[in-house]
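No hydrogens, no waters, no symmetry mates; every other heavy atom, side chains included, goes into these values.
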Amino acid sequence: MSFHKKLATALEQALEQAQQKGLIVTANLPEITIERPAKPENGDYASSLPLKLARVIGMRPMEIADAILKNLPSIENIEKIDVAPPGFINFTISRKWLCGQVDIACKTGESYGDTDLDHKSVQIEFVSVNPTGPLHVGHGRGAVLGSTLANVLRSAGYRVSTEYYINDAGSQLDAFYRSLFARYRQCLGEEAELPENGYHGNYMIDFARQIVEVHKDKYLKMPPDEAVQEIGGIGIQMVMQKLKEDLEKLGVKFDVWFSELSLFQNGQFDKTMTMLREGSFVTERENAVWFASSTLGDDRDNVLIRTDGTPTYFASDIAYHYNKFVERKFDTVIDIWGADHQGHVSRMKAVMNAMEINPDRLTIIITQLVTLRRGQEIVRVSKRSGDLITLREVMDEVGADACRFVFLSRSADSQMDFDLELAIKQSADNPVYYVQYAHARICSILKNALEKGIDFSKGDTSLLKLEPELTLIRNMVKISEVIETVATGLEPHHLPFYAQELATVFHSFYKQCRVISDDDALTRSRLKLVKAAQIVLAKTLHLMGMTAPESM
RNA sequence: GCCCCUGUAGCUCAGGGGAUAGAGCACCGGCCUCCGGAGCCGGGUGCGAGGGUUCAAGUCCCUCCAGGGGCGCCA
């Protein structure tokens, strides 16, 4: 049982006792919450129950605190309980329990800190960029967020599936196909103009050249429409290949690559549309087919089938979500979208209602914009303009680990500037390296111990008594709370902050406590502590999708 | 005009209604007979403005101001 629960229960019992003895006159009890004090001298946990009660029962908070304290049963692994003005009850975890955690961490390894928050199946869909060009930094943010969330949710007990939705059926593809065909013809010396709304990026020329190398002028000899389709198909494969490589470099892997086209081929699109029609959520006017989302609380209706008979992105997204919830039966689904898709949220919520699925089962995380800059100069990242800095280029400049750390360090709600100049310049004084350095340092100590032939597996952790040692343990132990916080709020930005904290207390411990010394027994116990710290630090880095280097 | 996000230290950002609001960077001082100095220790008049709720507000509610994004038969 967690300390939170244990303490809340104990407080409740104490309150009952105090009431029975007439020390406190009963009233409506507020919910008992346990807090974590900001200052270490206020213990590990605290309750402000006396403050909350003071008004309802008309007593002074400190008196209530005393009355509760007198009736508090002894609580396992809590060694000190005291009352502090203006009316807090503070609890301190026993040293014995803390030391025991070091043994447990060494024994359980990287699963240390995992919790059983929930066992629901959850699908996380992210990135899902159109297969028409390379990833830019904004996509990187979503990719890092999604993959980290997946790691953390797994650690919290969820059954997680990560997914990339390939938009291989939309109208954007046509522009991409024709742009590529035009570039292909240009490569072969023909006059060809890029279509309006075409893709002007230089990467298109590279693709065209590669196609020319393999297929020569084969596509000039066939009917243009046919050629466009075939070349387009090849182009998509090439883009997807690059996307996968880039994502892999960033440490992002997907369990499922889901094709939009498949929804049309296996009839699920039609099935979903029929269902919407039967539910009277579909109207026809102005020669188009509309989803009547305004009847479900959205501010306006949205087109499903255009005048020209082609379905919109929105229409297939409905079928896609029907597939997620009804066909594949995920308990909950998390979609991670960029800020430019924000307007799509209310529509999807309306869709959930239309499909009679509880909208709470769908969480949509909107990541705010990333502006890329070099010093004062803002770098545009538009795919069509052709002037773009890709995610790959950024990774090549600052490294995948630093990329991930920077993206993770800000909450999805805040927009961010990614300053390449600064990221490179500061690379030596970067929190990324600070954290990784702590890990490398630990590995070096452990290697040292190994070379000296010290076996610390039976180290006696009860010898750990100094403040730096205990502070380190206290911080290590917090990992499970961090995992729960991140999993509950879906906010991975707590991880980098935690990682820095952990690195700081380790460095501080290292400075103050010599690990390998003449005192054999103490050496063994401290080595065990160092090993435990290594496990927790590595785990934190791995949750963030970063490497935990043994040397740097 | 309507909707979403944001305003906290010089800069980039954390802060699950609670105790004296914290980190990193930058800046200024210290610390190497010793396991990695990419380190440690010290240095701070800051919550956009104004109301409200509460014993308690950076946190919740309202108004205003400022910045970003969205309001296509694009995705």
Side-chain angles (χ1 to χ4, degrees), chain A residues 33 35-39 41-42 46-48 50-56 61 84-88 90 128-130 132 167 170-172 175 197 286-290 299-300 302-314 316-317 337-346 366-369 371 406 409-417 419 422 425-438 440-449 452 481 484-485 488-489 491 493-494 496-497 500-501 503-504 506-508 510-517 523 526-527 530 551-552:
Chain A
T33 55
E35 290 129 32
R36 295 223 65 161
K39 307 270 176 214
E41 58 267 30
N42 289 328
S47 172
S48 54
L51 288 164
K52 290 191 167 71
L53 279 172
R55 188 178 170 90
V56 249
F88 290 100
N90 295 332
S128 300
V129 179
N130 279 352
T132 52
N167 296 113
S171 62
Q172 281 304 306
N197 292 330
E286 299 160 40
N287 290 321
V289 179
W290 299 71
D299 48 358
R300 57 183 195 82
N302 297 280
V303 170
L304 293 172
I305 311 289
R306 301 183 187 97
T307 319
D308 68 3
T310 59
T312 60
Y313 161 84
F314 176 52
S316 52
D317 220 21
W337 299 342
D340 51 339
H341 286 62
Q342 173 260 119
H344 196 56
V345 174
S346 58
I366 301 291
T367 63
Q368 294 301 314
L369 284 195
T371 356
V406 170
S409 300
R410 285 150 186 79
S411 94
D413 285 339
S414 66
Q415 50 191 105
M416 64 185 280
D417 274 7
D419 189 336
L422 208 64
K425 197 172 71 187
Q426 290 184 347
S427 61
D429 303 308
N430 210 299
V432 182
Y433 297 98
Y434 179 78
V435 172
Q436 290 185 324
Y437 178 71
R441 195 178 228 184
I442 288 173
C443 291
S444 168
I445 298 169
L446 294 175
K447 195 174 147 221
N448 215 317
K452 290 195 161 92
E481 265 175 61
E484 286 195 9
T485 304
T488 308
E491 292 177 335
H493 70 267
H494 297 293
F497 289 95
Q500 276 182 86
E501 229 179 286
T504 300
F506 177 78
H507 284 309
S508 180
Y510 173 85
K511 188 74 183 176
Q512 295 174 74
C513 303
R514 168 115 203 148
V515 178
I516 300 173
S517 67
T523 296
R526 281 188 177 161
L527 278 170
V530 168
S551 65
M552 19 191 324

*Summarise protein proximity over nucleotides 52-57 of chain B in one line of letters, 5' to 3': B for base, S for sugar-phosphate only, - for none, counting protein heavy atoms closer than 4.0 Å.*
---B--
*asked:* Please encode protein proximity along nucleotides 1-8 of chain B as a string of B, S and -, counting only heavy-atom distances under 4.0 Å.
replied: --BSSS--
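Residue contacts shown for A/Gln436 are absent, as no nucleic acid heavy atom lies under 4.0 Å away. Nucleic acid contact class of A/Asp340 (heavy atoms, under 4.0 Å, all strands): base. Using a 4.0 Å heavy-atom criterion, one finds that A/Pro37 contacts the bases of the nucleic acid, with or without backbone contacts as well. Within 4.0 Å (heavy atoms only), A/Ser48 reaches at least one base atom of the nucleic acid. The residue A/Ala288 sits close to a base: some heavy atom pair falls under 4.0 Å.
Base pairing of B/rG58 is not made with any nucleotide, judged by Watson-Crick or G-U wobble geometry with both donor-acceptor distances under 3.5 Å. Base pairing of B/rA49: its partner is B/rU63, meeting the Watson-Crick or G-U wobble criterion (both donor-acceptor distances under 3.5 Å). In this structure, B/rC40 and B/rG30 make a Watson-Crick or G-U wobble pair, each of the two defining distances being under 3.5 angstrom. Pair assignment for B/rC35: none, as no Watson-Crick or G-U wobble contacts are both less than 3.5 Å. Here B/rG1 sits opposite B/rC71 as a Watson-Crick or G-U wobble pair (both hydrogen-bonding atom distances under 3.5 Å). Here B/rA21 sits opposite no nucleotide as a Watson-Crick or G-U wobble pair (both hydrogen-bonding atom distances under 3.5 Å).
Atom CD1 of A/Ile442 sits about 11.5 Å away from atom CG of A/Leu527, to the nearest 0.5 Å.
Of the side-chain N and O atoms in A/Tyr434, one or more sit less than 4.0 angstrom from OP1 or OP2 of B/rC40. Note on A/Arg36: every side-chain N or O is 4.0 Å or more away from OP1 and OP2 of B/rA19. Within the 4.0 Å cut-off from OP1 or OP2 of B/rC74, not a single side-chain nitrogen or oxygen of A/His344 is found.
A residue-by-residue look at A/Ala38 and A/His494 shows that A/His494 has its nearest nucleotide of RNA chain B further toward the 5' end. Heavy-atom distances to RNA chain B give each of A/Thr312 and A/Ser409 a nearest nucleotide, and the one nearer the 5′ end belongs to A/Ser409.
Glycosidic torsion of B/rC32 falls within 90° of 0, placing the base in syn.
Side-chain contact, A/Glu35 with A/Ser48: a donor N or O sits under 3.5 Å from an acceptor N or O.
Put simply, CZ on A/Phe314 is 14 Å from P on B/rG72, counting in whole angstrom units.
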